[in-house]
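Quick caveat, the model's predicted, so the values are computed rather than measured.
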Amino acid sequence: MARGGKAFKAMAKGAAVVASAVAVIERRRRAAMAADYHEPPVEVPPLPAPVAVPAALPSPREEAAAPARTASAAHAAPAPAALPTHGAFGRELHPGRPATPAEAVPWGLRVAAESTWRLLLLGAALYVVFTVVDMLRLVAFAVLASLLISALLEPSVSWLRRHGVPRSLAAGGVFMSGLAGIGLVGWFVVWQVTTNLSTVTTKVQAGVDQLRDWLITGPLHLTQQQITDFANQITKAISTNTEQITSASLTGAQIAVEVLTAVLLAFFTTFFFLYDGERIWNWALRGLPRHSRYAMAGAGPKAWATLTAYVRGTVCVAFIDAVCIGTGIQLLGVPMALPLAVIIFLGAFVPLVGALVTGTVAVLIALVTTTPWTALMVLVVLVAVQQLEGHILQPLILGRAVRVHPLGVVLGVAAGSIIGGIGGAIVAVPLIAVTNTVVTHLRRRNEAGQAVFTALEAAREAAAARAGHTEAPAPAAAAD
């Protein structure tokens, strides 16, 4: 943690140095633009008047009066003004050359440069945010998980409160019901696995024996001695890497403790979200700037509605996937069909790819406990259910609530898994959906505000024009 704190301080110091340098550059650019704006304009001398060609020769009297007219015209016409050679601050002016180097840069390049350093600052800020979240990943994942669970349970709490149940009783009853449901599902999975473990172990051993016989009698034509040597090498590798295995087990124990802590923190946070979510949201709004509170006050309920619809729709889709795949596995005679269905249900919370990835466990179990043909049929069932989810269930159930393109879903899941592993893959799509809803609401609000402002300005200008036309004096009154 100390090393992480030093890294965070170094990154914050670097971001401050970059921000100060950018501020200095921007201040100098504005000073140069201000100097160019106050520079006196160059006075262009008037063109000489065209010389009139006489139609006939002048008379002797006109020739005598011509010198006098020329002298009077010379006194009347002013001398042409000389072109200035220096501008403001003693800068030398050159015809055809920009006054400052900034004016010589093409407009598109200047826009690209200013957009680039702003994007760099935004990227640095996002990097700092992600670094802080990574340092506090336990708290971040616990809060995100509690938000998802609260979005699933909050409609029940609201229904109970509308029917006269006190807030504490409604929140506590729904929370305990959800906790009991999760506990029953976990107990059922553990019970099914322990009940069928001996049968699966026997079938796995039989599958290993069949694989060994195939290696000997199959196209590879391996000998029993070669297979024995290979098994001895594996045993030797395990015995020589005892320290790495021990450290991995210790790391696994540490991860288990962290997961247990995150689960307890998520349960604690979920209860308070259900009990006091409205006050927590109002407190968060008071922390925003005053001019941003009204916009976020309208975007918050829409974001929560999107999150609630996403969670409920995902639960429905995951249940359908688990029922279809579990029924197919049961009909094909694969053992532990119900625990595999529960695992597929949990994996289906990752859209488009979760059910397929967790379903590979069923394919492997079918491969080692039954025949390759049965494993192939299980894979066909997985692909068919996945196509059903992608083309029918997702658009029908989640199409209206979560308007995210499938490519955005896949890229979001991939980025979330890279950043945060399984937890990042689960929260990536709801985060994208909520962000899309908030941005759309703010954009429409700004467009509506701009339209209202334009209408008010047009009405004000029209009223001013009518008032000026009415108050203008008549010509007869002015003459009087």
Relative to each other, are the rings of Tyr275 and Phe272 parallel, tilted or perpendicular (30° and 60° limits)?
perpendicular
Would you mind checking if Arg118 and Glu114 are paired as a salt bridge, meaning a charged N to carboxylate O distance below 4.0 Å?
yes
At their closest point, which heavy atom of Ile344 faces which heavy atom of Ala355, and how far apart are they?
CG2-CB, 4.2 Å
Ignoring hydrogens, what is the shortest heavy-atom contact between Phe267 and Phe175? Give both atom names and the distance.
O-CE1, 3.3 Å
In terms of relative ring orientation, are Trp159 and His163 parallel, tilted or perpendicular, with 30° and 60° separating the classes?
tilted
Side chain proximity check, Arg137 to Val133, heavy atoms < 4.5 angstrom:
no
Is there a side-chain contact between Leu307 and Leu148, using heavy atoms and a 4.5 Å cut-off?
yes
Under a plain distance cut-off of 3.5 Å, with no hydrogens placed, do Thr437 and Thr306 share a side-chain donor-acceptor pair?
yes
Thr358 side chain near Leu346 side chain, heavy-atom distance below 4.5 Å
no
Locate the shortest heavy-atom distance separating Ala303 from Val438; write the atom from each residue and the value.
CB-CG2, 3.8 Å
Does the side chain of Leu356 reach to within under 4.5 Å of the side chain of Thr360, using non-hydrogen atoms?
no
Passing candidate, side-chain contact (heavy atoms from CB on, under 4.5 Å) with Thr270, options Ile149, Leu179, Val143, Leu265
Ile149
Do the side chains of Gln450 and Thr454 get nearer than 4.5 Å, heavy atoms only?
yes
Where is the tightest heavy-atom contact between Ala262 and Ala142, given as atom of each residue plus distance?
O-CB, 3.8 Å
Do the charged groups of Arg444 and Glu447 touch, with an N to O distance under 4.0 Å?
no
Between the main-chain N or O of Phe130 and the side-chain N or O of Asp134, is there a donor-acceptor pair closer than 3.5 Å?
no
Close side-chain approach of Asp276 and Arg167, heavy atoms under 4.5 Å
yes
Minimum heavy-atom separation for Phe271 to Ala171, with atom names?
CE1-C, 4.4 Å
Backbone N or O of Arg286 within a donor-acceptor pair of the Arg293 side chain at under 3.5 Å?
yes
When you compare the side chain of Val381 with that of Ile329, does any pair of heavy atoms fall below 4.5 Å?
no
Test side-chain hydrogen bond (donor to acceptor under 3.5 Å, both in side chains), reference Glu154, set Ser150, Ser158, Ser156, output is Ser158
Are any non-hydrogen side-chain atoms of Leu147 and Trp304 less than 4.5 angstrom apart?
yes
